[in-house]
Amino acid sequence: FRWTQWIFLKLYNSWFNPETNKAEPIETLDCAPGVPPGSAPDKSSGAPTSHAPTRQDAGGTFETSRRAYRDSKRLAFVMEAPVWWCEQLGTVLANEEVVDGKSEVGGFPVVRKPMRQWMLRITAYAEKLLADLDTIDWSDSLKEMQRNWIGKSEGAEVQFKVSSESVISNQSGTRASTTGSLNTDLLITVFTTRPDTLFGATYMVLSPEHKLLAEIVAPEQREAVKKYQQFAAGKSDLERTELAKEKTGVFTGAYAINPLSGEQIPIWVADYVLASYGTGAIMAVPGHDVRDLEFARKFDLPIRIVVQAPEGKDPLGWTEDGISVGFRPIEGLATKAAKREIINYLVERGLGWKTINYKLRDWLFSRQRYWGEPFPIVWKKDAQGNDYHEAVPEKSLPVLPPPLDDYKPTADGQPPLARAREWVELKSGARRETNTMPQWAGSCWYYLRYLDVANEDRFVSREAEQYWMGGARPAGVFPLLAPGEWHAQLENLCHRAFVDGKRPPFAVEYARVTPQLAQEIQRVSGMDVSDYRHSIDVYAVRHVINEHGNPFFEEPRGLMALSLEDLERLPEILAEPDSVEFSAKQPGGFKRFVISKRINGFVCVVEEARTKHGQLQLVTMYKRKTTARDVTPKAPLSDTSETLRRSELTKAVAPAPVKVTPGVDLYVGGTEHAVLHLLYARFWHKVLFDLGYVSTPEPFFKLVNQGLILGEDMQKMSKSRGNVVNPDDILVEYGADAFRLYEMFMGPLEMVKPWNTKGVEGVYRFLGRVWRLFIDEKSEVEFEQAQTATESPRHKELLELIQLSPAITASDATKEQLKVLHTCIKKVTEDLDGLRFNTAISAMMVFVNEATAWQARPASMLADFLVLLQPFAPHISEELWEKLTANSKLETRNSKLQLAYQPWPKFDPTLLVEDTLEIPVQVNGKLRDVLRVSATATPQEIEAAALNAEKVQPFISSKTVKKIIVVPKKLVNIVVA
RNA sequence: GCCGGUGUGGCGAAAUGGCAGACGCACGGGACUUAAAAUCCCGGGACCGUAAAAAGUCGUGCGGGUUCGAGUCCCGCCACCGGCACCA
């Protein structure tokens with residue numbers, strides 16, 4: 001409670017500074033120029049901004065207005081707004097906790113209800129939470145879920161003037177006429193991701209909750225609109241989604257002016273436009289939006305085609321990229337360019353601006369429950385009698401909940417804590433906040449506390465945090481390449497970027513910064529980068545190929561598509577560039593260099609960023625033709641992707657990565673936390689990082705989703721289905737070792753798998769075989785008899801009766817035995833690294849099956865085997881270890897050390913080499929025989945043996961042998977006509 | 001509709017482009033036992049053969065392609081699971 005509340009106060013006392021792009025103490029707020037929190041620091045946008053209060057501000061005292069201004073910027077803030085109320089749970093819930101109109105926990109109905117609640121400004125971190133997904137090793141599906149939840153859309157806000165005629169007629173009907181200067185500048189702002197289709201906006205739609213609705217609605221439509229608003233408000237969110245199939249809406253009687261065409265377009269109200277997203281109003285382009293088209297067809301509204309679809313495709317309802325038509329300034333431009341041009345057009349005329357929208361909402365953080373951390377907040381009254389909130393001093397933490405007789409909310413709907421009046425009402429006259437935090441609060445940072453649980457002075461010591469969480473270098477950076485490796489590594493990178501997306505991100509350092517380049521950079525920036533290395537990662541490769549390697553979407557600026565060949569010339573370009581430019585101001589505070597060189601009539605431009613790890617990291621690359629005459633056709637996209645697709649790419653061998661572990665090394669959990677815990681924890685961690693309390697920007701570097709275990713009937717386990725397997729029963733019957741071993745043996749970690757109790761018996765039998773590999777069965781019978789003969793259930797001394805099997809010897813292992821052991825060591829070691837527990841266990845089963853047949857079992861081998869088994873079945877392994885090491889004659893390892901601390905065995909590859917090999921012989925790809933040949937046989941010898949093989953002869957004798965493929969140590973394939 | 005994942009024996013599953021089905025479950029046969037359980041040994045994709053074998057043919061969701069060779073790589077589909085969903 002204490003440190004969770006302490007972190008909350010950090011959130012409370014911070015704001016997000018878009019200038020520095022990070023959270024800062026609230027005290028720095030007054031010095032910064034006003035920019036709306038969460039919005040992109042886009043100075044050229046022309047979007048309206050708020051500003052910090054100055055002493056000249058009218059109304060109220062400076063203190064009051066400063067407090068109000070600070071409170072509006074805090075990362076933890078109070079908001080009076082409709083929230084999700086769940087009657088059965090007796091509390092409000094966050095967006096993320098509401099699924100299909102029901103509570104995520106329990107599936108109870110929820111309703112919208114206006115309440116004053118604490119919120120956390122997670123939206124300020126939307127961009128970072130999105131962008132940094134690229135730096136962590138999580139599954140694609142999980143990352144995708146977070147991306148969808150954050151829901152970034154780039155586009156523009158456009159202002160539509162409400163047609164003066166409708167305003168005049170409206171106002172004269174509603175208010176006392178406001179003299180000659182009528183408000184003809186009534187503006188409605190819409191958000192669109194397709195500003196290029198603005199010319200095709202033939203009507204407008206406002207959400208039923210839109211603020212301007214009352215002002216614009218025509219008298220004759222007032223009644224209809226009001227009814228519609230009530231109709232929409234009466235629908236629960238569940239109904240709203242269920243009824244989504246049929247569009248509804250009402251004409252407002254008002255018109256707006258399409259800023260491009262100048263036409264009057266009708267303004268409608270419809271609930272397919274959400275108040276909570278964008279501006280709550282849209283420009284409807286039925287020609288190129290399915291929802292608008294559906295609506296337009298239902299209400300017979302005009303439709304205009306402004307984007308040409310590819311040949312053979314219907315332009316009506318074409319929502320993908322195409323060629324703009326109809327509006328002169330962008331006529332003929334491809335969508336990407338048309339968007340850019342239209343935005344320029346709008347900005348120049350003050351009609352709109354570029355903007356970014358996120359679906360992510362701020363996090364509703366308070367609950368009306370007893371069992372949660374109370375907010376360390378008190379409420380006071382100012383001179384005017386208005387309530388304001390204040391932090392409890394850090395030294396007063398923790399704020400503990402008082403004991404209560406009744407844990408239900410009060411009769412008038414206040415949280416349970418409100419029942420404790422002496423606790424709530426302080427002597428000073430201040431009152432405690434009675435809401436509590438949700439359970440997520442603790443789970444947002446528990447992994448940090450685990451590092452240093454007993455610390456009384458800090459939530460985690462710096463030393464512990466840095467030792468366990470700190471990563472000195474970014475993940476998987478490969479050291480500088482040896483000369484000549486560049487080509488292979490680039491193919492490796494391309495392969496990882498485009499073919500094998502599952503691999504973790506990594507970067508390659510491929511060249512030192514040359515003295516020429518270092519000198520030039522020093523000259524333009526004053527920075528010394530002489531000991532820096534150039535690096536390139538999969539994201540740069542993707543970016544370069546996707547952005548500049550795709551001729552179809554290329555911008556009309558003389559830029560040319562890149563090929564793999566161009567990338568291959570990076571070292572050449574960077575060694576002796578023609579020019580170097582420097583741009584100090586970049587998002588994230590990176591220093592960037594634009595390095596260019598003219599090659600074969602093209603100017604190749606390479607942008608690199610300076611990282612804190614002594615690298616110049618490739619950001620992007622493109623080439624442009626200098627003059628029209630310089631055009632020489634270069635490899636188009638098809639060639640590039642063909643190159644990438646070459647199967648040779650898959651052969652590129654990846655070197656072992658340098659082990660670095662920023663954040664939690666490995667986090668294993670289910671997908672149910674995808675947009676809850678895993679998003680919340682990332683947010684808190686980033687705030688703590690910005691404020692300097694932790695040393696990594698991400699909490700969990702590698703995350704694996706274990707698959708759900710289904711019931712034996714292949715259904716999700718649930719009480720109502722009655723197919724739940726109680727772990728306690730399994731533990732009693734088979735023990736913890738067999739239980740965990742079975743869960744690991746069922747199949748790949750990430751896969752969904754059905755439970756099968758028979759399968760537990762299988763691994764239980766395996767553990768039994770392991771036991772009998774070590775233990776003399778006769779002695780065990782004696783033990784059991786002695787046990788039944790005595791009454792007391794606990795006889796430690798009786799255990800002494802259990803003896804090691806006489807087959808266990810101090811003798812040396814045979815070559816054959818060593819091969820079996822080391823095959824097992826190799827497999828288990830490699831499979832553990834890859835979290836392939838199922839195949840590791842099967843390798844141990846193979847070993848035990850073999851070893852059971854041995855008359856003499858060398859103790860040293862069995863000791864090594866126990867070390868392998870120990871992580872999978874720790875109890876039985878330690879037990880056997882004790883028995884094995886009790887016999888001093890057999891000692892092979894340091895028997896003083898517990899098994900868990902024994903060094904991991906290393907496999908010896910030389911022991912795995914076979915003397916003779918089995919070589920399958922195929923004819924036209926079909927298996928005909930298997931030869932046994934010496935491992936030293938030459939390809940010629942193998943070929944001859946294959947041709948002479950008895951079983952092969954009938955298939956080749958009457959035919960001509962066209963070709964013989966001999967794969968050394970693998971196989972022979974004879975191709976006949 | 002969009003995004004992600006998965007399709008291999010009766011079942012859970014293995015297979016750096018190179019002998020498909022390792023390992024385990026279930027099943028069948030045998031040994032031990034008065035008997036059962038436990039344990040140990042043997043068998044096993046389908047088809048066609050055969051007294052039994054052997055040999056042969058077909059087989060990794062479907063249709064194409066690349067390759068000497070494809071469960072694996074490429075193109076196009078289908079089915080199932082998970083997530084998102086009137087987000088402009």
Side-chain angles (χ1 to χ4, degrees), chain A residues 99-100 139-145 147-149 151-153 155 190-194 197 205 240-241 243-245 247 270-274 276-285 289-292 294-295 319 357-360 499 642 645-647 649-651 653 671 674-675 705 707-708 710 712 714 742 745-748 750-763 765-766 768-769 772 777 836 838-846 849 852-853 918-930 951 954 962-967 969-976:
Chain A
V99 178
D100 294 336
S139 73
D140 286 336
S141 67
L142 194 53
K143 286 186 181 183
E144 210 47 38
M145 278 190 230
R147 284 193 194 105
N148 287 341
W149 194 262
K152 179 180 183 173
S153 295
V190 302
F191 172 69
T192 176
T193 56
R194 291 295 300 272
T197 64
V205 185
R240 234 169 131 148
T241 47
L243 295 172
K245 284 156 199 156
K247 295 263 183 301
D271 69 356
Y272 83 90
V273 174
L274 308 175
S276 56
Y277 183 77
T279 62
I282 62 155
M283 62 178 213
V285 185
D289 181 286
V290 286
R291 297 149 304 183
D292 296 344
E294 201 186 319
F295 192 82
T319 57
N357 250 305
Y358 300 91
K359 284 200 278 185
L360 186 68
V499 185
E642 206 57 52
R645 225 176 272 139
R646 283 210 317 262
S647 63
L649 280 179
T650 59
K651 288 182 184 160
V653 182
T671 48
V675 292
N705 286 129
L708 207 63
L710 304 177
E712 302 207 53
M714 303 283 276
Y742 172 63
F745 185 61
M746 289 169 87
E750 295 95 333
M751 293 288 109
V752 174
K753 295 154 291 222
W755 177 267
N756 178 10
T757 303
K758 288 284 186 193
V760 188
E761 284 180 29
V763 293
R765 278 202 277 268
F766 162 67
R769 282 204 299 282
R772 288 188 296 277
E777 283 190 75
R836 294 179 297 268
N838 54 332
T839 48
I841 291 166
S842 83
M844 290 188 287
M845 286 172 168
V846 171
N849 289 346
T852 302
E918 283 192 345
I919 303 288
V921 182
Q922 299 179 337
V923 177
N924 282 350
K926 286 187 180 170
L927 181 71
R928 296 304 175 187
D929 200 2
V930 178
K951 291 179 181 171
K962 284 173 69 183
K963 196 173 175 182
I964 301 177
I965 287 117
V966 179
V967 184
K969 295 177 195 256
K970 282 282 183 202
L971 142 157
V972 179
N973 190 9
I974 303 166
V975 186
V976 295

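Residue numbering restarts at 1 for every chain, and letters A, B, ... go by the order of the sequence lines.
Listed by chain and residue number, nothing satisfies the ring-ring contact (aromatic ring centres under 6.0 Å, His included) test with A/Trp149 (two or more places apart in sequence, or in another chain). Looking at residues two or more places apart in sequence or on another chain, you find a salt bridge (Lys or Arg N to Asp or Glu O under 4.0 Å) between A/Glu918 and A/Arg932. In terms of the side-chain hydrogen bond (donor to acceptor under 3.5 Å, both in side chains) criterion, residue partners of A/Arg769 (sequence neighbours excluded) are, by chain and number, A/Asn849. Considering only residues two or more places apart in sequence or on other chains, A/Lys963 meets the side-chain contact (heavy atoms from CB on, under 4.5 Å) condition with A/Ile965, A/Val975. Among residues two or more places apart in sequence or in another chain, the side-chain hydrogen bond (donor to acceptor under 3.5 Å, both in side chains) test is passed with A/Glu712 by A/Thr757. Considering only residues two or more places apart in sequence or on other chains, A/Met714 meets the side-chain contact (heavy atoms from CB on, under 4.5 Å) condition with A/Pro754. Legend: residues meeting ring-ring contact (aromatic ring centres under 6.0 Å, His included) with A/Tyr277, ordered by chain and number and at least two apart, are absent. Remark: A/Phe295 engages A/Tyr203, A/Trp268, A/Tyr272, A/Phe299 in a ring-ring contact (aromatic ring centres under 6.0 Å, His included) (not counting sequence neighbours). Under the side-chain hydrogen bond (donor to acceptor under 3.5 Å, both in side chains) criterion, A/Glu777 pairs with no residue at all, not counting sequence neighbours.
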Which protein N or O atoms sit under 3.5 Å from an N or O of nucleotides 42-46 of chain B?
none

*asked:* Show me the dot-bracket string of RNA chain B, counting Watson-Crick or G-U pairs under 3.5 Å, with | for pairs to another strand and [ ] for crossing ones.
replied: (((((((..(((.....[....))).(((((.......))))).(((........)))..(((((..]....))))))))))))....
*Report, as a single string ordered 5' to 3', how protein heavy atoms within less than 4.0 Å touch nucleotides 20-27 of chain B: B base, S sugar-phosphate only, - not at all.*
--BBSSS-
